[in-house]
Each structure stands twice: as C-alpha cells, then as structure tokens.
Amino acid sequence: MANNTVRHINIIGHQNPDTDSICSALAYAWLKNRGSLTGLYEARRAGHVNRETRFVLQHFGVEPPRLCTDVSPQIKDIDIRKQAGIDGEMSLRAAWNLMRDVEIDTLCIVDGDNELQGLITIKDIADANMDLFDTAVLAAANTRCTNLLETLEAELVVGSADAHIDSGNICIGTSPEIMEELVKPGDLVLVSNRYETQMCAIDCGAQAIVVCCGSAVPRTIVARAQEKGCAVLATPYDTYAAARLISTAAPVRHFMRTKELLKFSVNTPIEDAKKVMASVRHRYFPILDENGKYCGVVSRRNLLNLHRKQVILVDHNERTQAVDGLEQADILEIIDHHRIGSLETTGPVYFRNVPVGCTATILYQMYGEQGLTPSREIAGLLLSAILSDTLVFRSPTSTPQDEAAARALAALAGEDIQSYAEQMFEAGADLTGRTAEDVFSSDFKAFSRGDVKFGVGQSTYMTDKSRAAAEHRERRRGACAAVPARGEPPRGSAADLLHVHRHEDPEHRSDVLRPQRRGDHPRCLPRRAGGEHSQTARCRQPQEAAHPAAAGSFAGAAVRGKCPRSRAIGRQAGADTESALMNTKTDAQP
C-alpha cells in the first residue's frame with residue numbers, strides 16, 4: 001500500500017546560515033508556492049538562526065524555517081504499509097482470518113489512542129494452536145463471551161454477551177458417568193444433543209455449556225440453566241470442530257509480544273533500519289509517526305522502493321557547505337552567486353548562477369520575470385539579505401544590480417535603508433553572552449581546492465559601538481586561535497590563521513602578513529609579478545596589520561577606521577597558504 005503523505009520539496013541554504021541563506025530560502029518558497037510560505041515547497045535552514053537573522057525575521061513577523069541538517073533517506077521516504085492496528089480483544093481466530101485476507105503475517109495491537117501495545121505473528125498463532133493440553137487458556141486470558149460467539153458462530157441462548165470466562169477448564173461431555181468425575185464447578189463444557197449430558201453439565205456447576213451440531217435446546221434445559229446461572233450457547237459445528245476452534249477464541253493480547261519490540265520512527269534513517277533488519281529474522285516492523293503513534297509496518301521489500309528527498313539549494317553550491325546526506329537526495333535547482341564548486345548531481349538541474357553580491361538579488365530578478373510582486377514581508381526579507389551580504393553596498397562584490405534591487409525592495413517594505421541597516425547590523429553585532437569561538441564560527445564556510453581544505457569565518461561590525469565591543473572582547477581573549485575547517489588539526493600539523501582586511505579604499509590590496517616573531521617588525525610579504533607572494537606565511541602567533549588603516553586589527557572582527565570587515569582563514573598545514581588565500585578571495589562572497 002503506497003504512502004500517500006505529501007512529500008515537500010525542501011529549499012535550503014548552507015550550513016551556519018547567514019541572513020541571505022535563510023531569507024532567500026523563504027523568499028524562493030514564497031515564489032514557488034505562488035504567494036504562500038506553505039505548500040509543496042518548504043523553506044528549511046541548515047543551522048541555528050544568528051542574531052542578525054533573528055532580528056530580521058521578528059521585524060517582519062516571519063517564523064524561522066524548520067531545521068534540517070540531514071537529507072539522507074528516512075523511513076518516511078519509503079512506502080509504508082498502512083495496515084491498521086487491531087484491538088487486543090480480537091480473537092486468535094479473527095486475527096488469523098485477517099492475516100489470510102490481507103496477506104500479512106504480522107499484526108500490531110494498539111489501544112484507543114493508537115499507541116502500540118504489542119504485535120502478534122502467524123507463528124505466535126500457530127504455537128498457541130499447537131498447545132493442545134492448555135485447557136485453561138480461555139480462563140487465563142479472561143476471554144469475553146462475544147469472542148466465543150464469533151469464533152463458534154454460535155447463538156447465545158442463556159446468559160450475557162458481556163460476560164467473561166474467568167475460571168475453569170474446557171471439557172467435552174460424553175456420558176453422565178464420566179462427567180460426574182471430570183466436570184468441576186466453573187468449567188466450560190461442550191455437549192451434544194443428548195438431554196442427560198446437558199442436564200448433568202449444568203448440575204455439576206459448569207459456568208457455560210456449548211450445545212453442538214445445531215441442536216435445539218429444550219425448554220427444561222433453558223430453565224435449569226437460568227436457575228443455576230449457567231450460560232448456554234448453540235453452535236452449528238459438531239463436537240470435534242467446536243473443540244478445535246474454541247481455544248482460538250482467546251484474545252490476541254494474551255499471546256502478543258510486548259518486550260523488546262523492534263520498531264522504527266518515520267524519522268529513522270534508512271541505513272540504521274537496514275542494520276537492524278539484517279540482524280533479525282522478523283519480516284514486518286511497526287512504524288511510529290512523529291507523535292509516537294502507530295501508523296503502519298515496513299518490511300525489507302519496502303526498502304527497495306525508496307523515494308529520495310528533493311531539494312533546491314540556495315546561496316551555495318559547495319558540497320562541504322551543504323547539509324549531510326546530499327549525495328542521497330535529488331537536487332532539482334541551484335540558485336547561487338558564488339563560484340561554481342565541485343558539486344555533482346544525478347541528472348540535469350536548473351542552475352542559476354549570477355555574479356552579483358547576494359542571492360536575494362537573483363530572486364528579485366526572478367520575481368520580475370514571473371510578474372509577481374513580493375509582499376511587504378518577503379520584500380523586507382530580500383532587502384535584509386542584500387544589505388547584509390553587500391554591507392550596504394560597500395562590499396567589493398556589490399553590483400549596481402544589488403543596489404537597484406535593494407532600493408526597489410525598500411520601497412515595497414516601507415523601510416529607510418540607512419536607518420534599517422543600522423538597526424539590523426547592531427542586532428547582529430551584539431556580543432552579549434558570546435565567546436570569540438562562537439563569533440568566529442557563526443558564519444563559517446569550508447572550501448576545498450585540490451587537496452587543500454580550508455575554512456573562512458567572518459563577522460560584520462558596521463557601527464562604532466559594535467566594533468569597540470568586538471575589539472574589547474578580542475583583547476580579553478589574548479591571542480588569536482586558529483579554527484580548522486573540519487575538526488581539530490591532526491597531530492604534527494600547524495593550524496594557520498591569516499588576516500585579510502577589506503577597506504573602502506579601491507587602491508588598497510589585501511595583504512598577507514608575516515607572523516611577528518621576537519625581534520621582528522610586522523611587515524607585508526613581497527609580491528612577485530602578477531601579485532603572487534614570494535613566501536608562505538605561517539601563522540602560529542598573533543599578527544599585526546602592516547597597512548596603516550588596519551592598525552589594531554584582530555581575529556574575526558573589523559579594524560578601526562573605515563574597515564567594515566575582517567576575515568580570518570583557518571587551514572591545516574601541508575597546504576600552500578598564499579594559494580589558499582588567493583583562491584579564497586574569489587571563492588568567498590561576503
């Protein structure tokens with residue numbers, strides 16, 4: 001049976017998301033859904049919302065996207081068999097008939113709230129039937145009289161259908177002489193159409209008799225049974241068939257498995273489920289939904305019909321920056337403004353890559369192409385993303401297209417660019433309760449160039465107050481600490497830290513600095529023809545800026561004066577530092 005749950009297409013940005021990553025995902029979902037944030041396309045985020053982005057979302061009254069850090073296939077991505085749960089009072093006979101009709105060998109028992117109570121397999125039913133000498137099974141299971149009526153297709157002549165068999169054994173009445181020795185008070189006795197055996201069973205204190213062969217029950221037997229409080233059932237089956245069937249009237253709750261149940265959630269990764277399935281011989285496994293309620297079963301065969309998650313990437317196209325499990329998902333589109341990385345797809349995709357300062361600028365162009373005007377909230381999100389990524393048009397990657405888009409969006413959102421940008425950057429630069437490492441890694445991206453892996457972390461401080469707070473925190477921290485792209489550097493390697501200072505002065509070129517050693521003065525490395533440095537800068541110690549405008553610089557924050565941003569680059573030893581740096585200048589957008 002197919003899983004009819006609607007499968008959303010996730011629109012998601014990079015890990016450690018910035019304002020552009022989250023706002024572009026929301027804006028593109030609104031565009032794809034033709035004016036709604038809810039629908040087939042759903043915006044997701046690949047990490048925590050930073051303070052700047054939180055301010056933006058709260059300012060425009062938009063809820064943050066749901067977190068998604070892994071797009072590996074889960075149980076919900078396969079066809080779950082929607083086999084309904086059964087009541088624990090169902091008889092073994094009814095359960096076996098259901099298994100035969102729907103061609104399944106496992107049934108799950110649930111309560112009134114659809115909570116999983118246990119499961120029963122066809123093997124459990126077979127074991128119960130083979131236990132021929134358990135004549136007290138109906139009493140042990142506290143079997144309802146209705147189960148007897150359904151199993152034996154019997155008619156209730158005397159007694160209540162709501163009664164339970166709570167004592168005694170199952171007996172077969174043959175002759176009065178034997179029955180006087182065999183039948184005890186509280187027993188359930190199967191009798192034929194012989195008057196004397198019926199009367200003897202009642203007089204021996206049986207709590208119920210089952211008259212077989214469809215025989216009519218005499219009025220004197222009915223009266224005697226009412227007098228003694230004995231239930232009377234009449235079944236069309238002969239004594240042999242009735243004796244075979246009667247034990248299957250016991251409820252399944254008496255035989256169900258309740259301990260160490262192997263069950264999965266809809267969010268269980270397929271790889272984890274495969275490992276569990278390979279270790280046991282069970283055929284079907286219960287599935288619980290996100291609320292812990294039973295929703296169906298799966299078998300190994302269901303794993304063959306896997307529906308990969310469908311994703312649209314915004315603001316990145318590097319595998320190292322994407323969510324986990326991307327290689328197991330279907331990438332439908334990529335909307336980005338960075339360099340084209342090494343990401344591979346299983347088929348053709350819609351890839352829109354434009355050399356502008358922000359992904360939101362591309363989306364604004366797409367809104368115009370489709371003749372759709374963004375709402376005030378969406379216009380505000382797009383405006384915020386452009387102002388953040390272009391540093392209010394001060395970034396070297398900012399283009400006239402970014403500025404034109406921002407001014408049009410500001411009019412739609414009813415915001416003044418300068419005053420709103422100041423509020424947004426002030427909120428994002430708040431360092432209250434944050435460590436230097438937290439600041440450094442809040443907008444950290446990993447890159448690769450050949451065999452080299454390195455990371456870029458950046459923080460923006462656009463006001464005097466935020467720059468002063470960042471400088472004060474860095475002075476308290478003492479020395480610069482390198483942060484490698486992935487985890488701690490291996491034994492015997494050096495974690496290097498380089499500074500790139502970006503100024504408004506178009507004449508200024510970012511310089512790679514030699515580390516300060518005892519007795520040395522900080523100075524820039526000389527360049528060869530073509531702008532290459534002649535030496536490798538290895539930076540195990542704090543550096544000082546050689547450029548006059550960058551005096552007093554520090555890791556992960558802006559310098560004094562006009563410098564809006566300082567960038568720190570961490571990498572592992574064995575790679576060429578200046579090559580990594582030169583590549584980063586073209587790879588990383590602010």
Side-chain angles (χ1 to χ4, degrees), residues 3 5-18 20-26 28-29 32 37 40-50 53 63-80 263-278 285 287-292 295 298 302-336 338 341-347 349 359 441-448 453 455 484-487:
N3 184 4
T5 303
V6 176
R7 303 180 66 248
H8 293 281
I9 297 175
N10 298 314
I11 303 177
I12 191 166
H14 53 74
Q15 297 182 41
N16 301 318
D18 56 8
D20 186 23
S21 178
I22 290 181
C23 291
S24 291
L26 287 165
Y28 199 35
K32 299 290 282 188
L37 288 176
L40 177 63
Y41 296 87
E42 181 182 6
R44 305 296 292 271
R45 56 185 171 90
H48 296 295
V49 179
N50 63 37
T53 309
E63 290 294 322
R66 291 194 300 149
L67 180 67
C68 176
T69 59
D70 195 327
V71 290
S72 300
Q74 299 169 290
I75 290 294
K76 68 173 95 174
D77 298 316
I78 63 176
D79 290 335
I80 299 174
K263 53 185 180 292
F264 302 120
S265 163
V266 290
N267 295 321
T268 301
I270 292 295
E271 289 301 320
D272 293 348
K274 284 182 178 179
K275 293 176 183 178
V276 174
M277 290 181 178
F285 299 82
I287 303 299
L288 307 182
D289 64 17
E290 294 177 346
N291 297 318
C295 64
V298 295
N302 295 118
L303 300 181
L304 300 176
N305 193 17
L306 175 64
H307 306 286
R308 293 155 64 109
K309 285 186 170 63
Q310 296 179 316
V311 298
I312 296 175
L313 305 183
V314 295
D315 199 34
H316 72 297
N317 67 90
E318 297 266 0
R319 177 63 190 88
T320 54
Q321 299 171 18
V323 292
D324 294 334
L326 189 64
E327 64 281 352
Q328 301 180 68
D330 286 333
I331 302 174
L332 303 183
E333 301 179 30
I334 301 175
I335 312 296
D336 192 20
H338 297 98
S342 58
L343 187 65
E344 295 183 358
T345 61
T346 56
V349 302
T359 304
S441 60
S442 61
D443 188 6
F444 185 84
K445 295 180 181 179
F447 296 89
S448 61
K453 277 192 175 182
R486 289 288 184 185

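Treat the numbers as computed from the prediction; the structure is a model and nothing was measured.
Using modelled atom types, one side-chain atom of Arg44 and one backbone atom of Arg66 make a donor-acceptor pair closer than 3.5 Å. With Thr268 contributing its side chain and Ser265 its backbone, the two residues share a donor-acceptor pair below 3.5 Å. Formation of a donor-acceptor pair under 3.5 Å by the Asn10 side chain with backbone atoms of Val311 is not found in this model.
Judged as a ring-ring contact (aromatic ring centres under 6.0 Å, His included), and not counting sequence neighbours, Tyr41 has no contacts. In terms of the side-chain hydrogen bond (donor to acceptor under 3.5 Å, both in side chains) criterion, residue partners of Asp336 (sequence neighbours excluded) are, by chain and number, Asn317, His338. Residues satisfying the ring-ring contact (aromatic ring centres under 6.0 Å, His included) test with Phe285, not counting sequence neighbours, are Phe264.
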When you look at Leu67 and Arg45, which way does the side-chain contact (heavy atoms from CB on, under 4.5 Å) test go after all the steps? CA-CA 5 Å; Leu67 180 67; Arg45 56 185 171 90; 3.6 Å; yes
Stepwise side-chain contact (heavy atoms from CB on, under 4.5 Å) check, Ile9 with Lys32: CA-CA 10 Å; Ile9 297 175; Lys32 299 290 282 188; over 6 Å; no
Take Leu303 and Ile78, measure what side-chain contact (heavy atoms from CB on, under 4.5 Å) needs, and give me the verdict at the end. CA-CA 6 Å; Leu303 300 181; Ile78 63 176; 3.7 Å; yes
Verify side-chain contact (heavy atoms from CB on, under 4.5 Å) between Val298 and Met277, making sure each step is shown before the conclusion. CA-CA 10 Å; Val298 295; Met277 290 181 178; 3.7 Å; yes
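Counting heavy atoms from C-beta on, the side chains of Glu318 and His14 never come closer than 4.5 Å. Residues His316 and Gln15 have side chains not in contact (no heavy-atom distance under 4.5 Å, counting atoms from C-beta outward). Here the side chains of Ile270 and Ser72 are not in contact, with every heavy-atom distance at 4.5 Å or above. Taking 4.5 Å as the limit, every side-chain heavy atom of Ser24 sits out of range of all side-chain heavy atoms of Ile335. Counting heavy atoms from C-beta on, the side chains of Asp330 and Thr346 come closer than 4.5 Å. Put simply, the side chain of Ile80 reaches to within 4.5 Å of the side chain of Ile75, judged on heavy atoms.
Within the model, atoms CG of Leu26 and CG of Leu37 stand 6.0 Å from one another, a figure rounded to the nearest 0.5 Å. Between Glu344 atom CD and Leu326 atom CG the span is 11.5 Å, to the nearest 0.5 Å. Between the CD1 atom in Ile22 and the CD1 atom in Ile11 there is a gap of 14.0 Å [rounded to 0.5 Å].
Judged purely by distance below 3.5 Å, without hydrogens or angles, the side chains of Asp315 and Thr359 pair a donor atom with an acceptor atom. Side-chain atoms of Gln74 and Lys309 include a donor-acceptor pair closer than 3.5 Å.
Counting heavy-atom neighbours within 6.0 Å of His307 NE2, excluding the residue itself, gives a total above 12.
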